[in-house]
Amino acid sequence: MQRTQVAIIGAGPAGLLLGQLLHKAGIDNIILEARDRAYVEARIRAGVLEQGTVDILRDLGVSERLDREGLVHPGVFVALNGRRRHIDMQRMTGKSVTVYGQTEVTKDLIEARLKTGRPLIFEAHHVSIRDIDGKTPRVRYDVDGGTSQEIVCDVVAGCDGFHGISRPTFPEDSLTVYERVYPFAWLGILSESPPAADELIYARHRRGFALFSMRSPTVTRNYLQCRPDEDLDDWPDDRIWEELRTRLVDPKGESIKEGRIFDKSVLPMRSFVLEPMRHGRLFLAGDAAHIVPPTGAKGLNLAASDVYYLAEAITGYYSSGGESALDAYSDRALSRVWKAQRFSWWMTSMLHPAPDGDPFDNRVRSAELDYVMSSEAAIHSLAENYVGLPF
Ligand code: APR
Ligand code: PHB
């Protein structure tokens, strides 16, 4: 039997960040991860960090490579049927965003974790959580070879993503789920080509949404709206480039530089929130508790704000000995989660023509983008949310 203060399930950004925040506060913790290290480090996800997320990584001393390789973007573009508008976020809000792949954040956090010497257990199988209604919950898992281990702790942090076991551990009658599944998806590609614009371009086009993004001076990340059941075989490289050129049309023809495509995948889009984010001594953070559609680039940033609040709650609990800090966690986290949900849903609705959608809705959404592109007040609001609301 192992004893620790906090058992963290999942070594995605949420679990790893929480581990570092607790370590900094001198709180003992164990991280359990179902997959192996190579798998976790290779998982491709989004790549836009809010200033607040960068600040957390800096405070933790995990930003050396981020400060060197991260691409600071003071602005972003939105486009409607080929017409483009630049949003100078830096001028409007005093903040910028940093483009740095979540994959890289994960690698940096794993390296930092290993340096602390605190346990990070990969390939922990059949993880289960018990006794969350009492003050000493337990976490059981199997290691390779089949030996069972048990951790006794004060708090369990469920950071195991959308498909983890933490959320299903909540008694069903204790929670409310809010959900929306969208009738479209994104086809994401990575290519060996230099970014052809300095900043991201979010484009609504008659043929569907497209997003131009990047990972580094030599790697471009692009997305195209597609069907949720899209067959990748229907998307040979030529078709992808043609469609990107059409939807991201640029009068100077500069937004697209072709290159070898080395990854293609289809990303489903959903909005999902579970309330409350805590039952007894089990606290959820990140994708375990909520999913946003990727249009606002909020997924990783919400995981960061959740664990920031959760670390404060746990630190407060140990310093005061009372439950009030723990009791405040769910409401505090959800207040920010819902604002990011609203923004992600709004960006998604405004930027995607819904196939077979209500024609009136589609016109109104197109008009909404047209309005945003012509109104300082509206574009200011977009900028304020995009760079991230304060913690
Ligand atoms: N036991 C242990 N670990 C588990 C289990 C389990 N039963 N189930 C899942 N995991 C691990 C996954 O392998 C993964 O490494 O939990 C981790 C969860 O990580 P993420 O899915 O990355 O979720 P989170 O850390 O909340 O990060 C949110 O990731 O999904 C993106 O878009 C999302 O950017 C956002 C960010
Ligand atoms: C990405 O670069 O992967 C990316 C950027 C912006 C988004 C989503 C994904 O909104």
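Each ligand, and each atom within it, is numbered from 1 in the order the structure gives.
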How far is atom 8 (C) of ligand 2 from its nearest protein heavy atom, and which residue and atom name does that atom have? Pro294 O, 3.3 Å
With a cut-off of 4.0 Å, which atoms of ligand 1 are near a heavy atom of Gly286? 26 (O)
Subset of ligand 1 atoms that lie under 4.0 Å from at least one heavy atom of Val127: 1 (N)
I want to confirm something. Looking only at heavy atoms, which of His126, Glu33, His163 is nearest to atom 13 (O) of ligand 1? Glu33
Atom indices of ligand 1 within 4.0 angstrom of Leu32 heavy atoms, with elements: 2 (C), 3 (N)
Does only the side chain of Asp287 get under 4.0 Å from ligand 1, or the backbone, or both, or neither? Count heavy atoms. both
What is the nearest protein non-hydrogen atom to atom 2 (O) of ligand 2, stated with its residue, atom name and distance? Ser213 OG, 2.6 Å
What are the atoms of ligand 1, with element, lying closer than 4.0 Å to any heavy atom of Gly299? 34 (O), 35 (C)
Where's the contact between Ile291 and ligand 1, heavy-atom distance under 4.0 Å: side chain, backbone, both or neither? neither
Just to be sure I'm reading this right: ignoring hydrogens, which of Trp186, Tyr100, Tyr223 gets closest to atom 4 (C) of ligand 2? Compare them by their nearest heavy atoms. Tyr223
Pro228 and Pro183 have their tightest heavy-atom pair at CD-O, 3.7 Å
For Val48, counting its heavy atoms only, list the atoms of ligand 2 lying under 4.0 Å from any of them. 5 (C), 6 (C)
Quick one: does Ala14 get an N or O within less than 3.5 Å of an N or O on ligand 1? yes
Once the angle between the rings of Tyr386 and Tyr202 is folded into 0 to 90°, is it parallel (under 30°), tilted (30 to 60°) or perpendicular (over 60°)? perpendicular
Examine Trp338 together with Phe343 and report whether their ring centres are nearer than 6.0 Å. no
With side chain to side chain donor-acceptor pair (under 3.5 Å) as the test, pick out the partner of Tyr100 among Asp67, Thr53, Asp108. Asp108
For Ala297, the atoms of ligand 2 under 4.0 Å from one of its heavy atoms are 6 (C), 7 (C), 10 (O)
Any nitrogen or oxygen of Ala34, main chain or side chain, under 3.5 Å from a nitrogen or oxygen of ligand 1? yes
Heavy-atom pair with the smallest gap, counting every atom of Arg336 and Ser305: NH1-OG, 3.0 Å
Output, in order, the C-alpha distance, side-chain angles, deciding distance and verdict of side-chain contact (heavy atoms from CB on, under 4.5 Å) for Arg332 and Glu312. CA-CA 11 Å; Arg332 256 187 112 193; Glu312 280 200 348; 2.8 Å; yes
Atom 7 (C) of ligand 2 [closest protein heavy-atom partner, distance rounded to 0.1 Å]: Tyr202 OH, 3.3 Å
List ligand 1 atoms under 4.0 Å from Ile165, heavy atoms only on the residue side. 7 (N)
Do Thr220 and Leu190 make a side-chain contact, defined as non-hydrogen atoms from C-beta onward lying under 4.5 Å apart? no
Go through ligand 1 atom by atom and flag the ones less than 4.0 Å from a non-hydrogen atom of Gly161. 18 (C), 21 (O), 23 (O)
Cationic tip of Arg281 above Tyr317 ring, under 6.0 Å, 45° of axis: yes
Taking every heavy atom of Leu334 against every heavy atom of Leu274, the minimum-distance pair comes out as CD2-O, 4.0 Å
At under 4.0 Å between heavy atoms, which part of Ile9 makes contact with ligand 1: side chain, backbone, both or neither? side chain
Report, as yes or no, whether the 6.0 Å neighbourhood of atom CZ on Arg207 holds more than 12 heavy atoms from other residues, nucleotides or ligands. no
Testing the basics here: between Ala196 and Lys257, what is the closest heavy-atom pair and its distance to 0.1 Å? CB-CG, 3.8 Å
Heavy-atom closest pair, residues Pro217 and Pro195: O-CD, 3.4 Å
N/O of Arg35 under 3.5 Å from N/O of ligand 1, yes or no? no
Evaluate the ring planes of Phe162 and Phe272, with Trp represented by its six-membered ring, and classify them as parallel (under 30°), tilted (30 to 60°) or perpendicular (over 60°). perpendicular
Does any N or O atom in Pro13 lie less than 3.5 angstrom from one in ligand 1, N or O only? yes
Got a sec: does the CZ of Arg180 have more than 12 other heavy atoms crowding it under 6.0 Å? no
Number the atoms of ligand 1 from 1 as they appear, then name those within less than 4.0 Å of a heavy atom of Gly164, with their elements. 8 (N)
Which bit of Leu211 is near ligand 2, meaning a heavy atom under 4.0 Å away: side chain, backbone, both or neither? side chain
With only distance considered, is Leu300 within less than 3.5 Å of ligand 1 through an N or O on each side? yes
Can Ala46 be said to touch ligand 1, with heavy atoms closer than 4.0 Å? no
Quick check on contacts: which atoms of ligand 1 are under 4.0 angstrom from a heavy atom of Arg43? 12 (C), 13 (O), 14 (C), 15 (O)
When every non-hydrogen atom of Met92 is compared with those of His380, the smallest separation belongs to O-NE2, 3.0 Å
For ligand 2 and Arg215, I'd like to know whether there is a polar contact (N/O to N/O, distance under 3.5 Å). yes
Less than 6.0 angstrom separating the ring centers of Tyr308 and Phe391, yes or no? yes
What atoms of ligand 2 come closer than 4.0 angstrom to any heavy atom of Gly47? 1 (C), 3 (O)
